[in-house]
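Heads up: the structure comes next, in structure tokens.
Each chain gets a letter, A, B and so on, in the order the sequences are listed, and its residues count up from 1. Side chains included, hydrogens not; waters and symmetry mates left out as well; all remaining heavy atoms used.
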2 protein chains.
Amino acid sequence: MLSKKAKYAIHALIHLARRKEDGPILISSIAEEENIPQKFLEAILLDLKKDGVLASKKGKGGGYYLIKDPEEVNMADVMRLFDGAIAFLPCVTHKYYERCEECKDEETCGIRDAFLQVRNATVDILKASTLAKVIEREAALKKE
Amino acid sequence: MLSKKAKYAIHALIHLARRKEDGPILISSIAEEENIPQKFLEAILLDLKKDGVLASKKGKGGGYYLIKDPEEVNMADVMRLFDGAIAFLPCVTHKYYERCEECKDEETCGIRDAFLQVRNATVDILKASTLAKVIEREAALKKE
DNA sequence: CAATACTCTACTAAGTTTATAGAGTTTATA
DNA sequence: TATAAACTCTATAAACTTAGTAGAGTATTG
């Protein structure tokens with residue numbers, strides 16, 4: 001399961017992507033509209049800023065805004081930032097690779113093989129799920 | 001990530017599936033060969049027994065053995081037994097469904113739509129990954 | 001300079017995971 | 001029928017993670 005942090009981050013990003021022409025958006029207004037505890041959201045937005053997805057402006061008229069294109073921000077990257085590896089086993093991850101202690105031979109491990117398929121399918125879908133795509137899809141679903 | 005419990009369970013099941021003609025296998029021998037803390041493994045095997053995958057025999061000559069066909073035991077079921085839902089969001093699971101608190105309209109939620117695709121792809125692969133298939137695949141990888 | 005709004009550090013409560021300890025129960029067999 | 005073998009059950013606990021709070025600090029605008 002996604003952590004609340006990752007989930008909140010996705011909601012905040014969609015929120016900002018929708019309003020990307022409106023200039024800086026207040027933390028407090030995101031928190032209120034998306035039902036996220038404000039102090040918790042502050043930490044999340046800071047992480048997204050450090051990661052280069054968002055930028056902020058201090059003082060009156062300040063707030064957060066997207067600096068990446070909504071087509072370049074995808075669910076896989078957000079999940080990795082907050083929850084770490086996406087895969088179910090450390091031996092099939094790319095960035096967070098670790099050997100399984102109990103594993104005798106990784107190359108011929110049938111369990112690994114199964115979970116590698118899962119990981120690849122998952123990452124493919126999540127990479128394709130950009131902010132732009134999610135917003136687009138939402139509009140399409142509303143028309144049905 | 002899989003919990004250790006789920007991981008140990010999979011290893012124990014593969015171990016038992018490989019030796020399904022050998023009669024009851026000792027907990028202690030599974031624990032030793034698969035590098036699993038014995039007391040921890042006892043609880044895991046008990047869960048698998050309650051779930052109807054394994055049976056046990058007490059006393060001398062006792063141990064655990066598979067009662068389901070290795071082709072009928074798949075990774076999805078094992079994961080659900082020990083770790084609960086497979087999906088990343090409660091609103092896209094089947095058995096463990098729950099509404100997302102912050103969600104305004106589930107039917108048109110673009111985030112849900114993305115994670116539903118992930119869940120479906122994941123479950124399809126995990127359901128196809130039976131003990132028999134994992135063992136088979138392992139043999140194939142060894143021949144390469 | 002005063003109000004606004006983001007930033008940083010520290011802390012904490014609750015829950016989950018990964019075990020361990022030890023007594024209890026059942027069964028085979030000598 | 002005693003005894004050792006082997007699974008079963010209950011209780012406990014350390015370590016870690018998650019989700020969230022508090023409050024002081026810093027930068028900016030007007």
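The residues B:K133 and B:E136 are annotated as not salt-bridged, no charged nitrogen and carboxylate oxygen being separated by less than 4.0 angstrom. With salt bridges taken as basic N to acidic carboxylate O contacts below 4.0 Å, one links B:R19 and B:E33. A salt bridge links A:D77 with A:K127; the closest basic N to acidic carboxylate O contact falls under 4.0 Å. Under the 4.0 Å criterion applied to side-chain N and carboxylate O atoms, A:E138 and A:R18 are assigned as salt-bridge partners.
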Protein and nucleotides 25-30 of chain D: nitrogen or oxygen contacts under 3.5 angstrom:
{"unit_1": "D:dA27", "atom_1": "O4'", "unit_2": "A:K58", "atom_2": "NZ", "d": "3.2"}

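Base pairing annotation: C:dA30 forms a Watson-Crick or G-U wobble pair with D:dT1, both donor-acceptor distances under 3.5 Å.
In this model, the phosphate group of C:dA19 is approached by a side-chain N or O of B:Y8 to a distance below 4.0 Å at OP1 or OP2. Here B:S56 reaches the OP1 or OP2 of D:dT8: one of its side-chain N or O atoms lies under 4.0 Å away. Dashed line: the shortest gap from a side-chain N or O of A:K49 to OP1 or OP2 of C:dT7 is under 4.0 Å.
Under the 4.5 Å side-chain heavy-atom criterion for grouping Ile, Leu, Val, Met, Phe, Trp and Tyr, B:F82 is connected to B:V123 within one hydrophobic cluster.
In the set D:dG20, D:dT8, D:dA22, D:dT8 carries the atom at the smallest distance from any side-chain atom of B:L46. Closest to the A:F40 side chain, of the nucleotides D:dA22, D:dC9, D:dG20, is D:dG20. Of the candidates D:dT21, C:dA23, C:dC6, C:dC6 carries the atom nearest the A:Y64 side chain, counting heavy atoms from C-beta on.
The aromatic rings of A:F88 and B:F88 sit parallel to each other, their planes meeting at less than 30°, with 60° as the upper class boundary.
Note: CD1 (B:I44) to P (D:dT8) measures 14 Å, nearest angstrom. A:K7 has its NZ atom 11 Å from the P atom of D:dG20, to the nearest Å.
Interface remark: the A:K5 side chain does not form any donor-acceptor pair with the D:dG20 base, using a distance-only criterion of under 3.5 Å.
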